[in-house]
Amino acid sequence: MTVTIALPGPQAKTEADIDPSLDLIAEIDRLRREKNAVILAHYYQDGEIQDLADFVGDSLDLSRKAAATDADVIVFCGVRFMGEVAKILSPGRTVLIPDADAGCSLEDSCQAADFRAFRDSHPDHLAVTYINCSAEVKALSDVIVTSSNAETIVNQLPAGRPILFAPDRHLGAFIAKKTGRDLTLWPGSCIIHEQFSEKELVKLKVRHPNAKVAAHPECPEAILAHADHVGSTRSLLDYVLASPDREFIIATEPHIIHQMQKAAPDKLFIPTPGADGSCSCSNCPFMAKNTLEKIYLALVNNGPRIEIDEELRVQALAPLEKMLSWSASVPMSNSPGR
Ligand code: 13P
């Protein structure tokens with residue numbers, strides 16, 4: 001019972017075959033039309049990828065788009081688990097990912113065998129699992145959540161029923177606080193959000209006394225304590241655009257600032273530094289694996305392509321479908337993108 005990434009064969013084109021004079025954006029566009037493909041991108045992708053995508057969104061909205069698309073091919077520009085979710089929800093579509101090695105530190109922190117043991121040692125608990133996990137872990141879960149619907153979903157669980165929350169302990173602690181529910185947390189975290197420095201954030205606040213702080217709930221509590229708004233990437237974007245304030249400190253992966261700056265060019269968006277005072281370590285190394293060249297090659301080579309064993313897909317589908325129906329009240333964003 002596994003997920004396989006079907007890699008292009010030995011005859012496939014490689015980056016070395018790409019003519020440097022090729023207009024990659026025009027070629028991707030041509031291939032997208034020829035193959036009836038849709039390009040979905042997460043807000044953590046490079047700006048040039050966000051700009052060519054048909055839809056840019058957070059994990060919930062991207063899942064909804066993947067479930068509803070009538071395209072034959074989905075090119076998922078994000079990390080691998082997002083492509084897996086697209087294939088689980090839309091098994092009849094070909095799902096391509098630009099780079100087979102675009103993983104996720106949260107997913108890595110929660111291996112299926114360990115998660116099964118965690119469940120087995122808490123037999124009375126419901127398992128609420130963050131979407132940043134493998135298909136195998138999803139299949140062992142009762143319901144999947146994202147950062148934009150976790151509160152809504154936990155609030156719908158039967159009162160008094162104990163709950164396990166995996167794999168992000170910071171999101172779990174935040175949701176426990178918001179809902180008043182007692183969550184038993186898996187000890188995982190995102191390498192990017194974990195490294196934000198409270199000391200550096202406070203220094204920034206002193207330098208920008210009028211700036212509001214917008215933070216993702218994957219941040220540690222010490223960072224969230226300084227936030228004026230906490231929410232998913234989509235929610236952070238909505239917040240800074242709706243706010244009458246002009247300056248914002250953004251505590252999440254900084255590529256979300258691309259959409260903020262595009263929609264509000266006269267506002268100032270400041271990325272939160274890591275402990276070394278610089279912002280370079282805040283870029284997600286997994287998201288950064290995707291490039292225009294790899295998107296082009298994925299369309300040309302029909303791979304890397306996600307394939308999921310049907311038994312596993314059906315087991316992982318149940319908690320994902322529960323997620324989509326229990327969060328129907330969370331509105332869809334107005335799509336940025338082309
Ligand atoms: P959202 O997409 O829910 O904002 O979460 C960000 C994330 O963890 C991407 O991996």
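Each ligand, and each atom within it, is numbered from 1 in the order the structure gives.
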*Tell me, please: is Tyr130 in heavy-atom contact with ligand 1, that is, under 4.0 Å?*
yes
*Check whether any heavy atom of Glu253 sits under 4.0 Å from an atom of ligand 1.*
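Outside the 4.0 Å threshold, so no.
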Output the list of atoms in ligand 1 that are nearer than 4.0 Å to some heavy atom of [X], sorted by atom number.
X	answer
Ser232	3 (O), 4 (O)
Ser59	1 (P), 2 (O), 3 (O), 5 (O)
Ser147	1 (P), 3 (O), 4 (O), 5 (O)
Met82	9 (C), 10 (O)
Asn132	7 (C), 8 (O), 10 (O)
Thr233	1 (P), 2 (O), 4 (O)
Asp58	1 (P), 2 (O), 4 (O)
His42	1 (P), 2 (O), 6 (C), 9 (C)

Which is it for [X] and ligand 1 at heavy atoms under 4.0 Å: side chain, backbone, both or neither?
X	answer
His216	side chain
Phe286	neither
Tyr44	side chain

*Counting N and O atoms only, with roles assigned by atom type, does the side chain of Thr69 sit under 3.5 Å from a partner on the main chain of Lys65, one being a donor and the other an acceptor?*
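Absent.
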*Just checking, is any N or O donor in the side chain of His170 or Glu221 under 3.5 Å from an acceptor N or O on the other one?*
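The answer is no; no qualifying pair exists.
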_Please tell me whether Asp58 and Thr233 have a donor and an acceptor in their side chains that are separated by less than 3.5 angstrom._
no
*How close does the nearest protein non-hydrogen atom get to atom 7 (C) of ligand 1, and which residue and atom is it?*
Glu218 OE2, 3.5 Å
_Heteroatom proximity flag, Ser148 to ligand 1, N/O under 3.5 Å_ =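 No, there is no polar N/O contact under 3.5 Å.
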_I'd like to know if Asp72 and Lys35 make a salt bridge, using a cut-off of under 4.0 Å between side-chain N and carboxylate O._
no
*Between Glu84 and Lys138, is there a side-chain N and carboxylate O pair less than 4.0 Å apart?*
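No, this pair does not count.
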*Would you give the length of the straight line joining atom CD1 of Ile223 to atom CG of Leu201, rounded to the nearest 0.5 angstrom?*
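Here the rounded value is 5.0 Å.
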*Check against side-chain hydrogen bond (donor to acceptor under 3.5 Å, both in side chains), Thr252 and His193*: CA-CA 6 Å; Thr252 193; His193 292 87; 2.8 Å; yes
